[in-house]
Amino acid sequence: MALALLIYSFALILAGIATMHDQFGLAEAAFYNLGVIYGLSGTNIPDPYSTVDLCENIGIRKTRLLEHNDHVMLALNNTGHFEVSIGVRNDELPEIASSVQAAQSWYELRVKPYHHGVIFDYIVVGNDAIPGPYSAYLAPALENMMEAISVWEASTSTKVTTVVSDSVLNPRFPPSVAAFKPEIKLYMEKVLKVIRRNRVQPRLMVNVFPYYDYAAGIIPKDFAVFGRDKSYFWDSNVGYWNMFDALVDAFYWAISRVGDGVYVAVAATGWPSAGNGNFTTSAIAAEYNQNLMEHIVNGNGTPYAPWSFDGFLYSLYNEDQKPVGPRQHFGLFNPDQTPAYPFSVPHPLPPEAERVIKG
């Protein structure tokens, strides 16, 4: 009985926190771990204010911007209840890596003006910068950005991180043998050492796209789109029923080989609805993304990491300035804001609150 009362009291405290609207509150949004990438690589992307309305209507209050955009930030700032992750472009890394002052200038211009209107969830320093010409700049840029935040904010829930894809892994399958490639291992060790210094749960963001393995003929469709109801393969005594979990756990295993203490968040995942024949139909995209959203929202995690994690769908809109082919067709919506296919956004509220989107 005492335990039940304690749990109930704690729930009331959480509910009270969720109604607060100070800079750390607006906190109802903090209970959402499903977000969407708001890309702007299109000739006819809708204006930011109608986009914000669209996100609110479908129940998404967590968005990731690949880079700063004043118009988008002003639209988000007016709502008072969006979690925003904002990116530092790869070509900005050398400057940010040069000094804490350079990181402070970036922060003052792109984050500080909006601090009271949105929750800054992540500052994402670089996107898939390793491997590549910016690899050496990444760890010092992360360190300087973390220091810049600490100068301005005595207490903050904002996490400083970066994004890598599975191109940093070899091998990557099965998960338990995954490791960082020898030629980039030192860069990853330095990056993870900095990320561990986050005040809040340190996280490495990763891109996870089972689509590419399916399109390459490496895995069957049901394993790619969460379509199995039992394990497809076993890694020692751990069963995997979908490729998404296997890829996420491969990163966990690779991280464990250079030191633990860093969690994984999914920076981008999704499925194109056109551009590559029978591999990219709207039906397959709908199946993957629907199952993916439910997998993220249910909070059960992966076999290696059975806890909730943040995940961002790629992307909100189809973007016609991406390279011709599947990359133009990852959007949940067409630029006219009609759904690319039917889907429903799961929500951590009772079932009657679920939004159903009809294509």
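Residue numbers run from 1 in the order of the sequence given. No experiment lies behind these values; they were computed from the predicted model shown. Excluded from the calculations below are hydrogen atoms, water molecules and symmetry mates; all remaining heavy atoms, backbone and side chain alike, are included.
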If you look at every heavy atom in [X] and [Y], which pair is closest and at what distance?
X      : Y      : answer
Gly126 : Thr162 : O-OG1, 3.1 Å
Ala75  : Pro48  : CB-CB, 3.6 Å
Ala286 : Pro342 : CB-O, 3.8 Å
Thr280 : Gly275 : OG1-N, 3.4 Å
Ala102 : Ser99  : N-OG, 3.0 Å
Ala250 : Pro175 : N-CB, 3.8 Å

inquiry  = The test is salt bridge (charged side-chain N to carboxylate O under 4.0 Å, His left out); show your working for Glu287 and Lys221 and say whether it passes.
reply    = CA-CA 11 Å; Glu287 185 176 7; Lys221 174 177 170 289; 3.1 Å; yes
Looking at [X] and [Y], would you say the former's side chain and the latter's main chain have a donor-acceptor pair under 3.5 Å?
X      : Y      : result
Asn57  : Asp53  : yes
Asp235 : Val238 : no
Ser105 : Gln101 : yes
Arg257 : Ala178 : yes
Thr63  : Val36  : yes
Asn33  : Ile296 : yes
Asn318 : Gly331 : yes
Arg196 : Asp260 : yes

Centre-to-centre under 6.0 Å for [X] and [Y], is that the case here?
X      : Y      : result
Phe343 : Phe333 : yes
Phe223 : Trp241 : no
Tyr187 : Tyr137 : no
Phe226 : Tyr288 : yes

Can you get from [X] to [Y] by hopping between Ile, Leu, Val, Met, Phe, Trp and Tyr side chains that sit under 4.5 Å apart?
X      : Y      : result
Val177 : Met188 : no
Leu74  : Val52  : yes
Tyr107 : Leu109 : no
Trp307 : Val208 : yes
Ile219 : Phe233 : yes

ask   = If you measure from OG on Ser282 to CG on Asn289, what distance do you get to the nearest 0.5 Å?
value =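 So the OG of Ser282 and the CG of Asn289 are separated by 11.5 Å.
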Measure the shortest side-chain to side-chain distance between [X] and [Y] over non-hydrogen atoms and say whether it is less than 4.5 angstrom.
X      : Y      : result
Ser167 : Asp128 : yes
Leu247 : Asp213 : yes
His71  : Tyr49  : no
Val297 : Glu294 : no
Ile60  : Leu313 : no
Ile284 : Phe279 : no

So, [X] and [Y]: side-chain donor and acceptor under 3.5 Å apart, yes or no?
X      : Y      : value
Asp70  : Tyr114 : yes
Gln290 : Ser344 : yes
Asp47  : Ser50  : yes
Thr338 : Asn334 : yes
Gln104 : Glu108 : no

ask   = Looking at Leu204, Leu66, Val266, Val124, which hits side chain to side chain contact (heavy atoms under 4.5 Å, CB included) with Val163?
value =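 By the side chain to side chain contact (heavy atoms under 4.5 Å, CB included) criterion, Val163 pairs with just one of Leu204, Leu66, Val266, Val124: Val124.
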Test applied, side chain to side chain contact (heavy atoms under 4.5 Å, CB included); reference residue, Val191; option that passes from Thr161, Val125, Ile130 =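 Per the side chain to side chain contact (heavy atoms under 4.5 Å, CB included) rule, the option paired with Val191 is Ile130, out of Thr161, Val125, Ile130.
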task = Determine, stepwise, if the pair Glu95 / Arg89 fulfils salt bridge (charged side-chain N to carboxylate O under 4.0 Å, His left out).
result = CA-CA 11 Å; Glu95 177 67 18; Arg89 299 193 314 270; over 6 Å; no
task = Mark yes or no: Lys159 above the aromatic ring of Tyr122, with NZ or CZ under 6.0 Å from the six-membered ring centre and no more than 45 degrees from the axis.
result =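 Yes; both conditions hold, so Lys159 lies above the ring face of Tyr122.
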task = Assess whether side-chain contact (heavy atoms from CB on, under 4.5 Å) is satisfied between Asn207 and Val164, documenting all intermediate values.
result = CA-CA 6 Å; Asn207 293 328; Val164 294; over 6 Å; no
request  = Applying side-chain contact (heavy atoms from CB on, under 4.5 Å), run through Ile195 and Arg203 and close with a yes or a no.
outcome  = CA-CA 7 Å; Ile195 289 175; Arg203 299 179 195 177; 5.7 Å; no
query = Quick one: which of Tyr317, Trp271, Phe209 gives a ring pair (Phe, Tyr, Trp, His ring centres under 6.0 Å) with Phe330?
reply =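 One option only clears the test, and that one is Phe209.
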Test ring pair (Phe, Tyr, Trp, His ring centres under 6.0 Å) applied to Tyr304 and Tyr252, Tyr263, Phe251, the passing residue =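 Between Tyr304 and the candidates, ring pair (Phe, Tyr, Trp, His ring centres under 6.0 Å) is satisfied uniquely by Tyr252.
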key: Verdict with reasoning, Thr269 to Tyr314, per side-chain contact (heavy atoms from CB on, under 4.5 Å)   = CA-CA 5 Å; Thr269 186; Tyr314 177 74; over 6 Å; no
message = Run the side chain to side chain donor-acceptor pair (under 3.5 Å) test on Tyr211 and Asn276 for me, step by step, so that the C-alpha distance in whole Å, both residues' side-chain angles and the decisive distance to 0.1 Å come before the verdict.
response = CA-CA 11 Å; Tyr211 157 71; Asn276 189 17; 3.0 Å; yes
request  = Test Asp310 against Lys62 for salt bridge (charged side-chain N to carboxylate O under 4.0 Å, His left out), laying out the working first.
outcome  = CA-CA 10 Å; Asp310 288 339; Lys62 189 183 188 78; 3.7 Å; yes
request  = Go through Leu65 and Met73 one step at a time and tell me if the side-chain contact (heavy atoms from CB on, under 4.5 Å) criterion holds.
outcome  = CA-CA 9 Å; Leu65 307 178; Met73 287 307 307; 3.7 Å; yes
inquiry  = Let's go through Arg197 and Glu143 carefully: what are the C-alpha distance in whole Å and the side-chain angles of both, what is the deciding distance for salt bridge (charged side-chain N to carboxylate O under 4.0 Å, His left out) to 0.1 Å, and is it a yes or a no?
reply    = CA-CA 9 Å; Arg197 299 175 191 165; Glu143 191 166 24; 2.4 Å; yes
key: Asn278 atom CG, neighbour heavy-atom count above 12 within 6.0 Å   =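 For Asn278, atom CG is not crowded (no more than 12 foreign heavy atoms under 6.0 Å).
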task = Give a yes or no on this: more than 12 heavy atoms of other residues, nucleotides or ligands lie within 6.0 Å of atom NZ of Lys181.
result =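 Buried by this count: over 12 neighbours within 6.0 Å.
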query = Under the criterion side chain to side chain donor-acceptor pair (under 3.5 Å), which of Asn242, Asp245, Asp249 is the partner of Thr302?
reply =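 For Thr302, the side chain to side chain donor-acceptor pair (under 3.5 Å) test succeeds with only one of Asn242, Asp245, Asp249, which is Asp249.
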